[in-house]
Structure formats: structure tokens, C-alpha cells
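Pasting in a structure now, in C-alpha cells, and then I'll have a few things to ask.
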Amino acid sequence: MDDKNVKSILEVALEEEIPSSKINLWIGVKERLVVRRKIYLQQDKKMNLTKRYRLQRVGVATLMVVALLAIVFTTPQGQTFAQSILRFFIRTKSDRLPLQPWQLTPFPTPTIPATMLSMTNAEELVGFDAREFISVPAGLTLQGAHVEGEVIYIEYVSADGKCRLTLAQTLNGKYPNANLWSHFLTKDIRAVKVSEFNGELIYDSSNTPPIIRLRWQQPDDGFPPPSLIDSSSWRPGYLSLELVQSCTPDSAGYLNDKNLLNLAQRTVHTLWRDSLVSIEQAESQVGFGTLQLPDDNAALFTLVGASVDPQYRLITLVYYSPDGSAVQSGLAFTLNQWPTTEPLETCDLCAAIGASAKITIISVRDTTGEYVEGVWELTNTGPAWQSYPFRKTIRWQEDGFWFELSMFTSDGSHTMEDLIVTAENLK
Amino acid sequence: MEDRIAISRLKQGDLTDLESLVNRYQVRAVHAAYLILYDRALAEDVVCTAFVKLAERVHQYDEDRPFVPWFFRIVTNDALKAARKQQRTISLEEQLDESTAQFAQWLIDPNTRPEELLEEKETRGMILNAIQSLPPEQRRVVVMRYFLELSEAEMSTKMDRPLSTIKWWLRDARRRLGFRISSSRGFGEDKSE
């Protein structure tokens with residue numbers, strides 16, 4: 001007996017069990033398609049109703065914007081959201097949204113001397129969002145910034161005028177003052193760590209008073225940002241920074257390399273990253289267990305930590321490439337999980353995508369999800385959708401939870417399949 | 001060719017040809033799902049869902065590849081999931097009658113020729129019982145191998161498992177049936193090992 005015989009025997013047996021003439025699934029299939037489409041439409045309608053009554057508070061801490069664009073949903077412009085049948089994203093009618101209220105409100109800025117530029121003006125000149133300290137170092141005052149070529153210099157001075165601190169940086173370029181550093185003797189340069197990033201430190205005695213120079217490279221901003229909207233100002237690549245301290249000998253901060261390193265750390269860590277906790281701590285706050293990447297994936301990703309948005313019982317896990325080489329590879333991802341009893345959009349632009357965004361329906365973890373590529377870029381005229389390949393996102397629903405997995409690489413080399421495989425590996 | 005035209009239209013959002021696909025594959029799909037689930041209503045439910053998924057996921061389907069294995073992978077995957085929930089596997093300790101045991105013997109050793117024993121309606125029912133006695137995962141590989149007639153290599157691709165795993169699953173399915181033979185007939189060694 002060969003396989004063909006087995007098949008025919010099985011066919012006969014099955015025909016006796018369930019006669020072909022009794023199988024007619026088309027009506028059932030058609031009804032299900034109609035029902036599912038109705039569900040999509042109802043979900044979309046519910047989302048829009050929710051938006052009208054929600055006002056997200058905007059939190060700004062020196063450089064980080066925790067932005068929520070409530071006006072998008074409470075103004076006529078908010079009605080531009082399309083009634084699409086997407087399940088996990090909301091397509092807007094345009095790739096551009098109006099200027100947001102928090103964008104209109106200037107941050108408190110010190111009086112800038114005439115020779116200095118405001119941070120905003122300086123950043124416009126260099127074309128990127130410069131890193132500042134999370135808070136101005138105690139005893140120092142921000143004087144302002146100036147620009148030379150592609151380098152932005154942010155100047156701080158102590159109240160007694162005895163110490164100056166300069167934070168210089170370029171995006172995707174050479175170190176500031178690279179020529180000067182090339183004249184230093186290698187033996188005089190000390191290898192240091194600024195957070196997980198390699199840096200170099202030197203006492204430069206050629207100046208009067210002598211100064212300390214510290215330089216390092218790091219991912220350009222809030223890497224990776226925790227949500228779609230927060231990633232709007234994210235750029236691929238890296239920042240090359242130099243922190244220069246110049247104090248007179250009678251100053252308390254004179255030649256204090258330890259303080260300088262501590263200060264440098266404060267340009268690395270963002271508010272959201274500093275608030276990361278362990279998965280166990282996060283789970284206890286939200287009251288449910290989260291999917292996570294098993295340890296056998298450690299060769300590709302390392303857990304950095306978890307954070308919680310208690311308003312929506314949303315838990316975020318952050319993973320980096322394990323070698324800490326995010327500067328070079330940029331490989332990282334975030335996983336958001338929150339109950340489906342909470343709204344799909346946990347912040348006003350978190351589920352919104354531009355009109356031109358391409359949505360791909362995907363199969364993930366035995367269910368249907370959606371894939372999108374791009375971010376909202378914050379511009380002076382309002383958020384603009386950009387289909388950057390550097391950030392790719394999938395969303396799906398599973399066992400009563402929404403999931404969003406966003407992956408980043410600095411060159412956009414990761415693929416939709418990479419996201420799906422990562423999602424499939426979650427346990 | 002008809003499948004390709006239907007798929008192309010589906011990709012353009014035209015559901016007209018979905019009905020033709022349903023009519024063409026529903027019987028085979030329900031039978032395959034039934035072999036895993038042993039519950040007609042559930043099998044039809046799974047297949048209905050599979051056709052809905054087909055409509056929703058058609059953009060993921062590569063038209064250069066054959067449609068049937070792709071679609072039946074959805075069917076067998078979903079049937080397996082449903083079967084796990086059902087946990088309706090019959091205890092392996094349950095005794096088989098001799099006819100079923102002989103079919104199981106063939107699964108272990110295809111050189112035996114028990115087909116003359118398989119012509120009776122009653123015996124065919126026993127074959128279904130023999131497959132039902134397997135765990136859902138092994139029912140699935142038996143369905144794919146002997147009902148859908150996928151090669152071990154194709155199964156390896158479709159199930160995203162190494163060929164060695166497929167071979168092991170099939171061998172284990174045979175071994176389990178062999179265990180039942182020895183239970184029902186007092187046979188000794190499992191010949192598949």
C-alpha cells in the first residue's frame with residue numbers, strides 16, 4: 001500500500017463522516033467578513049469618540065518632550081482623522097498636522113547675551129536637536145549657544161565667573177576640535193566611560209588656566225524613543241560630543257574630572273531612561289505579566305529595563321543590541337503591552353500615522369497585525385509624517401492585550417520580517 | 001491558473017473570486033481539519049476562519065509559490081491550535097481492535113499489505129480512530145503527510161521546522177501507534193525504532 005492508497009482510504013472514510021454535499025461554507029465566510037469589517041469600523045468610531053474627551057498633559061523637562069497632542073482630537077483639525085478600517089493604527093487625512101500647543105509655548109530661557117544665540121536659533125543653524133544637560137548644573141548658568149560650521153557650542157558659566165563649561169557637539173560628524181586633539185600625545189589621553197559609551201579625557205595644560213577636555217560619542221537622541229510621537233525628533237546616527245571645563249585654581253570645580261564625567265552622564269541619560277525599572281517592578285505596578293524575550297536571544301538583544309504608564313496600565317520593555325554598540329548599529333527595539341480595556345491610542349499620536357503611510361497586514365503570533373514604517377517629525381509648523389526606514393513598527397492584539405513592537409537601526413537595514421520574528425520569539 | 005487569477009483579484013481588494021476559492025477547497029480543508037480535530041462543527045469553524053484570514057492576509061502571499069500548501073498551512077495551524085484547546089486526545093492506553101492495529105502496523109512498516117483489511121466501512125472508521133488516538137501535533141503531521149501528501153521536505157518548509165524534526169515527528173507518530181499494536185495484539189518490539 002502506498003501513500004496514494006492511504007489518501008484514498010482516508011478520503012472515503014472522511015466522505016462517510018462528512019459528505020462533501022453537506023459542506024457549504026461560503027455563507028459563513030461571507031458573514032464573518034461582514035462582521036469583522038463592522039468591528040473595525042466600530043473600533044475606529046470608538047477611538048475618535050475617545051479622542052474628543054481626552055486631554056493629555058504635556059510634560060517637558062529641559063530637553064525631553066513628553067508630548068501629547070490633545071488638541072489634535074479636540075479641534076476641527078482633529079477631525080481630519082480618516083475613518084479607515086485599520087485595526088491598530090489611525091490614518092490621518094494628511095501627512096502634516098497643525099502646530100501643537102506645546103510647540104507654541106516657549107521653554108523658559110535665560111537672558112541670552114548679545115553675542116550668544118538662543119538654543120532654538122543655534123539648533124536651527126546646525127539642523128539637529130542638540131543634547132543639553134537634563135538640568136543646568138548647580139552653580140552654573142546657561143549663557144547661550146554659538147555655532148561654528150556644523151558644531152554647536154553650549155556655554156555655561158559659574159556665578160562667580162571662575163568656571164566655564166562648554167558642551168560642543170556635531171551630528172554624524174567628526175569630533176569638535178578634532179584638530180586640537182590630534183596634537184595631544186596618546187599617553188596623555190585617558191580612556192573613560194560615559195555611561196556605556198567609550199570616551200577620552202585629557203588635562204590640557206597648554207591653556208591658562210588649564211582645562212579638562214572630555215569627548216565621547218553616543219546615539220543622537222533618546223535612543224530609542226519610547227513611543228511613536230517621542231521618536232519624532234529622532235535621527236539615525238550619532239553625536240560626537242566634547243565637554244570642556246575651564247576653571248581658575250581657586251574655584252571649587254578646578255580640574256575635577258570626576259564632576260565632569262558625572263555631568264557628561266547627564267547628557268546620555270534621558271528622563272524616560274533614568275526611570276526604567278526591572279520587569280518585575282513594572283509588572284507589579286500594572287498587575288499583569290508581560291511578554292518578554294527569552295534569555296536565549298541575549299546574543300541579539302539585551303533588556304535595558306521597563307517603564308510603566310499607570311494611566312493606561314501600559315508597560316514598555318526596552319532592548320538594545322548587547323554589545324552596547326547602539327552608536328554604530330543602532331539596533332534596538334521597544335515592546336509596549338497594555339490591556340485592550342484601555343484605548344488603542346495611549347497618547348494622541350501613538351496610533352496615528354500619516355495619510356501616505358503604507359500599512360501592511362501581517363500574520364504574527366497566529367493572529368493578524370499591522371506593520372508601518374515611519375515617524376512623526378516635529379517641525380516648526382507642526383508634526384509631519386516621514387516614512388523614514390529607521391523605525392519600523394508592528395501592532396497586534398493577543399489574549400486581551402494590545403502589543404506594539406518598534407525596532408530601530410541607524411541605517412534602516414532591519415526588515416518587517418525581523419520584527420515578526422522578534423515578536424514570535426516573545427514568551 | 002484559476003487560483004492565481006482569484007488571488008490577484010483578492011490582492012486588489014476584489015472579493016468576488018473568494019467564493020470560487022471557498023468552493024474549490026472547502027471540502028478538502030474541512031476534511032483535513034477534521035482529521036486533526038475530530039469535531040465537525042469545530043473543523044468547519046476553523047476552515048471558515050482560514051478563508052477569512054486568506055482574504056485578510058493575501059498580501060503576504062507570494063504568488064510565485066503554490067497556493068495550496070500556503071493555505072493548508074493556515075488550516076492545519078488553526079486546527080492544531082483548536083485541538084490543543086480541546087484536548088480531546090484519546091488515551092493511548094485505550095485498546096485498539098485488530099483492524100486498526102494492522103493499519104497502525106502499516107504506518108510503522110509500509111511493506112506490510114493490510115489494504116485488504118481496509119476495505120470495510122467499519123475498518124475505515126477504525127482508521128480514523130487510530131489517527132484520533134495520536135496527540136494533535138502528530139495528527140497534524142499525519143494529515144500533512146498522508147492526506148495532503150506533502151513531502152517531508154515540504155512539511156519542513158511549511159512548518160518551519162528542520163527536516164530531522166519532521167522525520168522524528170512522523171517516526172514518533174508511528175511509534176505511538178506501534179505501542180497501541182503491542183497493547184492490543186501483544187506484539188513485541190516497536191519496529192520503527
Side-chain angles (χ1 to χ4, degrees), chain A residues 1-40 84-88 358-371 394 396 398-399 415-417 420-421 424-425, chain B residues 15 18-23 25-32 34-35 38 40 43-45 47-60 74 77-78 80-81 103 106-107 110-116 118-119 121 123-128 131 142-143 145-149 151 160:
Chain A
M1 184 169 64
D2 58 20
D3 292 358
K4 291 283 180 194
N5 294 117
V6 178
K7 189 191 176 194
S8 23
I9 291 165
L10 285 173
E11 280 175 343
V12 173
L14 287 163
E15 183 65 26
E16 286 167 355
E17 288 284 312
I18 313 175
S20 313
S21 58
K22 302 284 185 188
I23 300 174
N24 185 2
L25 302 183
W26 173 237
I27 293 173
V29 171
K30 200 161 59 173
E31 283 174 352
R32 285 179 195 217
L33 282 169
V34 171
V35 168
R36 287 176 75 92
R37 188 149 298 197
K38 276 182 184 170
I39 290 172
Y40 295 159
S84 70
I85 60 167
L86 301 173
R87 297 183 66 195
F88 304 109
K358 184 186 172 193
I359 288 283
T360 304
I361 306 298
I362 58 165
S363 172
V364 56
R365 297 180 66 84
D366 291 328
T367 186
T368 303
E370 288 169 359
Y371 163 84
I394 60 174
W396 74 97
E398 179 180 340
D399 294 336
T415 65
M416 180 177 79
E417 286 69 30
I420 294 174
V421 167
E424 298 285 356
N425 285 337
Chain B
L15 295 176
L18 182 60
E19 184 176 4
S20 65
L21 288 172
V22 171
N23 290 336
Y25 294 110
Q26 61 182 357
V27 171
R28 198 171 164 200
V30 168
H31 284 168
Y34 181 80
L35 274 179
Y38 284 82
R40 176 180 170 174
E44 291 190 345
D45 183 65
V47 174
C48 272
T49 304
F51 280 116
V52 172
K53 283 184 178 176
L54 162 64
E56 291 177 343
R57 298 182 184 178
V58 70
H59 295 287
Q60 292 174 251
I74 297 176
N77 275 354
D78 288 358
L80 179 61
K81 270 181 78 174
F103 172 74
W106 174 85
L107 281 173
N111 292 323
T112 59
R113 300 185 60 81
E115 60 265 39
E116 63 275 12
L118 301 175
E119 292 171 2
K121 178 179 178 179
T123 306
R124 286 195 290 269
M126 290 303 106
I127 293 170
L128 295 181
I131 296 174
V142 168
V143 167
R145 181 72 186 91
Y146 298 113
F147 183 67
L148 299 176
E149 296 183 305
S151 68
D160 195 22

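Below, read A as the first sequence line, B as the second, and so on, with proteins coming before strands; counting in each chain starts at 1.
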Which residue is it: B:Val52, B:Leu54, B:Leu21, B:Val47? I am looking for the one with a side-chain contact (heavy atoms from CB on, under 4.5 Å) to A:Val29. B:Val52
Is B:His31 reaching over with its side chain to a backbone N or O of A:Ile18, donor-acceptor style, under 3.5 angstrom? yes
Which value, rounded to the nearest 0.5 Å, describes the distance between B:Asn23 atom CG and A:Leu25 atom CG? 9.0 Å
Taking all heavy atoms of A:Trp26 and all of B:Gln26, pick out the closest pair and write down the distance. N-OE1, 4.2 Å
Atom group of B:Val22 that falls short of 4.5 Å from chain A, counting heavy atoms: side chain
To the nearest 0.5 Å, how far apart are CG in B:Asn77 and CG in A:Asp366? 6.0 Å
Heavy-atom pair count under 4.5 Å with chain A, highest-scoring of B:Ile74, B:Leu148, B:Asp45, B:Asp78: B:Asp45
Name the region of A:Lys22, side chain, backbone, both or neither, that has any atom closer than 4.5 Å to a heavy atom of chain B. both
Identify, with sequence neighbours excluded, every residue that meets ring pair (Phe, Tyr, Trp, His ring centres under 6.0 Å) alongside B:Tyr34. B:Tyr38
For the side chain of B:Glu44 and the backbone of A:Ile23, is there at least one donor-acceptor N/O pair under 3.5 Å apart? no
Part of A:Thr367 within contact of chain B (heavy atom distance under 4.5 Å): backbone
